[in-house]
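Reviewing the structure listed below.
Note that ligands are numbered from 1 as they come in the structure, with each ligand's atoms numbered from 1 the same way.
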Amino acid sequence: MFKLLLIHGPNLNLLGSREPGIYGTVGFDEINARMKRAAEENGAELRVFQSNSEGALVDAIKDARNWADGIVINPGAYAHYSIAMRDALSAVKLPAIEVHLSNIHAREEFRHRLILTPVCVGMICGLGWRSYLYAVEALIEILKDRLKPSAA
Ligand code: DQA
């Protein structure tokens, strides 16, 4: 069974009530419950970590090296400037998919710069809570592919 870590950065614990016109009305706990269910349905286990602190997020990424097979991460605002989180993701060498609920490219220019994306397998944005869903599903598919003798 694959073990996945879902990481949420700052302010994402407010999902549901935070700017619902941008981020949707599905609450933080509900998103996590849906992602755990989606992981289970696809033969994986998913743990969730949220923090508003960059250092705690770096530690969570580093700890994942000891137990996780892959990471889904919404870095929140840190996506746009955290070199420390990028370096942590590079260091652990786990496949990671970056997620944003909103379409960051349709928003303010400062959100167009993405620091972590180059060290992720891919990035999904603009699909609301489903950005997380498709990331979880894709990550499991990628991990399954890696087990095949001629990995795609
Ligand atoms: C976000 C986009 C970021 O620019 C913003 O700072 C967030 C949420 C998203 O999921 O759309 O906190 O990561």
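A salt bridge between D59 and K62 is absent, with no side-chain N of the basic residue lying under 4.0 Å from a carboxylate O of the acidic one. Electrostatic pairing of R111 and E108 counts as a salt bridge here, judged by a charged N lying under 4.0 Å from a carboxylate O.
Nearest to atom 9 (C) of ligand 1 among the protein's heavy atoms is L101 N, 3.4 Å. Nearest non-hydrogen protein atom to atom 11 (O) of ligand 1 is S102 OG, 2.6 Å. Among all non-hydrogen protein atoms, the one lying nearest atom 5 (C) of ligand 1 is R111 NH1, 3.3 Å.
Some N or O of A77 is nearer than 3.5 Å to an N or O of ligand 1, by distance alone.
Per-residue contacts place H80 under 4.0 angstrom from the following atoms of ligand 1 (heavy atoms of the residue considered): 3 (C), 4 (O).
Each of V136, V26, D29 was scored for a side chain to side chain contact (heavy atoms under 4.5 Å, CB included) with R34, with one residue passing: V26.
For H8 and Y132, the distance between ring centers is under 6.0 angstrom.
Heavy atoms of N11 come nearer than 4.0 angstrom to ligand 1 in no pair at all. Within the 4.0 Å heavy-atom cutoff, R18 counts among the residues contacting ligand 1.
Atom NZ of K3 and atom CD1 of I71 lie 14.5 Å apart (nearest 0.5 Å).
With a 4.0 Å cut-off on non-hydrogen atoms, H100 touches ligand 1 through its backbone as well as its side chain. Only side-chain heavy atoms of N74 come within less than 4.0 Å of ligand 1; its backbone N, CA, C and O stay farther off.
Between H100 and H80, the two ring planes are parallel [angle under 30°; tilted spans 30° to 60°].
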